[in-house]
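We number each residue from 1, following the sequence as shown.
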Amino acid sequence: SMTKKFIAQQGSKGTVKVFDASTGNLYKIINVGGDVVSQPIVTESEMSVTVKSGDVNFLKTFNLPSGGLKNSVTLSN
(Lines give C-alpha, C1' and ligand atoms only; values in the text may rest on other atoms or scores of the structure.)
Protein backbone atom coordinates (compact mmCIF):
# COMPACT_ATOMS: atom_id res chain seq x y z
CA SER A 1 0.00 0.00 0.00
CA MET A 2 1.12 3.55 -0.68
CA THR A 3 2.39 5.54 2.25
CA LYS A 4 0.45 8.74 2.81
CA LYS A 5 2.68 11.76 2.43
CA PHE A 6 0.16 14.28 3.71
CA ILE A 7 -2.85 14.50 5.97
CA ALA A 8 -5.30 17.40 6.01
CA GLN A 9 -7.85 18.96 8.30
CA GLN A 10 -9.96 22.08 8.28
CA GLY A 11 -8.16 25.09 9.69
CA SER A 12 -10.25 28.24 9.95
CA LYS A 13 -13.57 28.62 8.11
CA GLY A 14 -11.82 29.08 4.77
CA THR A 15 -8.60 27.14 5.05
CA VAL A 16 -7.32 23.58 5.06
CA LYS A 17 -4.16 22.73 6.99
CA VAL A 18 -1.92 20.18 5.31
CA PHE A 19 0.46 18.22 7.51
CA ASP A 20 3.46 16.06 6.71
CA ALA A 21 2.16 12.57 7.54
CA SER A 22 5.53 11.21 8.62
CA THR A 23 6.40 14.01 11.07
CA GLY A 24 3.01 15.55 11.87
CA ASN A 25 4.48 18.98 11.15
CA LEU A 26 2.32 21.63 9.52
CA TYR A 27 3.36 21.73 5.88
CA LYS A 28 1.05 24.27 4.26
CA ILE A 29 -2.17 26.20 4.81
CA ILE A 30 -4.36 26.31 1.69
CA ASN A 31 -6.88 29.12 1.32
CA VAL A 32 -9.77 27.39 -0.45
CA GLY A 33 -11.63 30.54 -1.57
CA GLY A 34 -14.83 29.97 0.37
CA ASP A 35 -16.16 28.10 3.39
CA VAL A 36 -14.98 24.54 3.95
CA VAL A 37 -18.09 22.34 4.11
CA SER A 38 -16.65 18.80 3.95
CA GLN A 39 -13.80 16.88 5.50
CA PRO A 40 -10.78 17.29 3.20
CA ILE A 41 -9.68 14.08 1.46
CA VAL A 42 -6.02 13.51 0.64
CA THR A 43 -4.53 11.13 -1.91
CA GLU A 44 -0.86 10.72 -2.81
CA SER A 45 -0.71 13.91 -4.89
CA GLU A 46 -3.85 15.94 -4.23
CA MET A 47 -6.36 17.20 -1.70
CA SER A 48 -10.08 17.49 -2.43
CA VAL A 49 -12.62 19.46 -0.42
CA THR A 50 -16.13 20.84 -0.86
CA VAL A 51 -16.22 24.63 -0.60
CA LYS A 52 -19.28 26.89 -0.34
CA SER A 53 -18.98 30.29 -2.00
CA GLY A 54 -22.14 32.37 -1.93
CA ASP A 55 -24.98 29.91 -2.59
CA VAL A 56 -22.86 27.56 -4.69
CA ASN A 57 -20.89 24.49 -3.62
CA PHE A 58 -17.70 23.59 -5.46
CA LEU A 59 -15.61 20.44 -5.31
CA LYS A 60 -12.08 21.82 -5.42
CA THR A 61 -8.97 19.75 -5.95
CA PHE A 62 -5.54 21.08 -5.05
CA ASN A 63 -2.18 19.68 -6.15
CA LEU A 64 0.20 18.48 -3.47
CA PRO A 65 2.82 19.37 -2.49
CA SER A 66 2.42 22.73 -4.27
CA GLY A 67 -1.04 23.53 -2.93
CA GLY A 68 -2.10 25.02 -6.27
CA LEU A 69 -5.68 24.68 -7.50
CA LYS A 70 -5.95 21.82 -9.98
CA ASN A 71 -9.69 21.65 -10.62
CA SER A 72 -12.96 23.21 -9.49
CA VAL A 73 -16.32 21.61 -10.25
CA THR A 74 -19.70 23.20 -9.48
CA LEU A 75 -21.95 20.85 -7.53
CA SER A 76 -25.66 21.05 -8.34
CA ASN A 77 -27.99 21.59 -5.39
Side-chain angles (χ1 to χ4, degrees):
S1 64
M2 292 247 181
T3 306
K4 261 197 186 170
K5 294 178 180 165
F6 300 102
I7 53 178
Q9 67 184 47
Q10 182 173 352
S12 66
K13 196 168 158 181
T15 62
V16 170
K17 290 181 174 180
V18 178
F19 297 88
D20 183 311
S22 60
T23 65
N25 290 337
L26 180 63
Y27 174 77
K28 187 179 286 285
I29 298 176
I30 298 175
N31 188 323
V32 298
D35 295 344
V36 175
V37 293
S38 75
Q39 194 64 26
I41 297 169
V42 178
T43 63
E44 184 87 356
S45 61
E46 58 189 43
M47 182 276 288
S48 298
V49 66
T50 306
V51 176
K52 187 176 178 70
S53 181
D55 291 329
V56 183
N57 283 353
F58 299 91
L59 177 61
K60 293 192 177 186
T61 305
F62 296 85
N63 288 311
L64 294 176
S66 70
L69 182 64
K70 176 181 182 180
N71 194 18
S72 180
V73 177
T74 305
L75 301 176
S76 55
N77 292 342

Side-chain heavy-atom pair Lys5, Glu44 within 4.5 angstrom cut-off:
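SC-SC contact between Lys5 and Glu44 confirmed.
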Using the side chain to side chain donor-acceptor pair (under 3.5 Å) criterion, which residues pair with [X]? Sequence neighbours excluded.
{"X": "Ser45", "value": "none"}
{"X": "Ser66", "value": "none"}
{"X": "Asn31", "value": "none"}

What ring pair (Phe, Tyr, Trp, His ring centres under 6.0 Å) pairs are there with at least one residue in residues 38-59, not counting sequence neighbours?
none
Which distance, rounded to the nearest 0.5 Å, do you find between the [atom1] of [X] and the [atom2] of [Y]?
{"X": "Lys70", "Y": "Ser72", "atom1": "NZ", "atom2": "OG", "value": "13.5 Å"}
{"X": "Ile41", "Y": "Ile7", "atom1": "CD1", "atom2": "CD1", "value": "14.5 Å"}
{"X": "Ser38", "Y": "Asn57", "atom1": "OG", "atom2": "CG", "value": "9.0 Å"}

Taking the hydrophobic residues Ile, Leu, Val, Met, Phe, Trp and Tyr, and joining any pair whose side-chain heavy atoms are under 4.5 Å apart, which ones share a cluster with Phe62?
Phe6, Val16, Val18, Tyr27, Ile30, Val32, Val36, Val42, Met47, Val49, Val51, Leu64, Leu69
Show me the donor-acceptor pairs, under 3.5 Å and distance only, between side chains in residues 19-26 and residues at least two apart or in other chains.
{"residue": "Asp20", "atom": "OD1", "partner": "Ser22", "partner atom": "N", "Å": "2.8"}
{"residue": "Asp20", "atom": "OD1", "partner": "Ser22", "partner atom": "OG", "Å": "2.6"}
{"residue": "Asp20", "atom": "OD1", "partner": "Thr23", "partner atom": "N", "Å": "3.2"}
{"residue": "Thr23", "atom": "OG1", "partner": "Asn25", "partner atom": "N", "Å": "3.1"}
{"residue": "Thr23", "atom": "OG1", "partner": "Asn25", "partner atom": "ND2", "Å": "3.4"}

Around Lys17, counting heavy atoms of other residues, nucleotides and ligands shown, do more than 12 lie under 6.0 Å from its NZ?
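Counting other residues, nucleotides and ligands, NZ of Lys17 stays at 12 neighbours or fewer.
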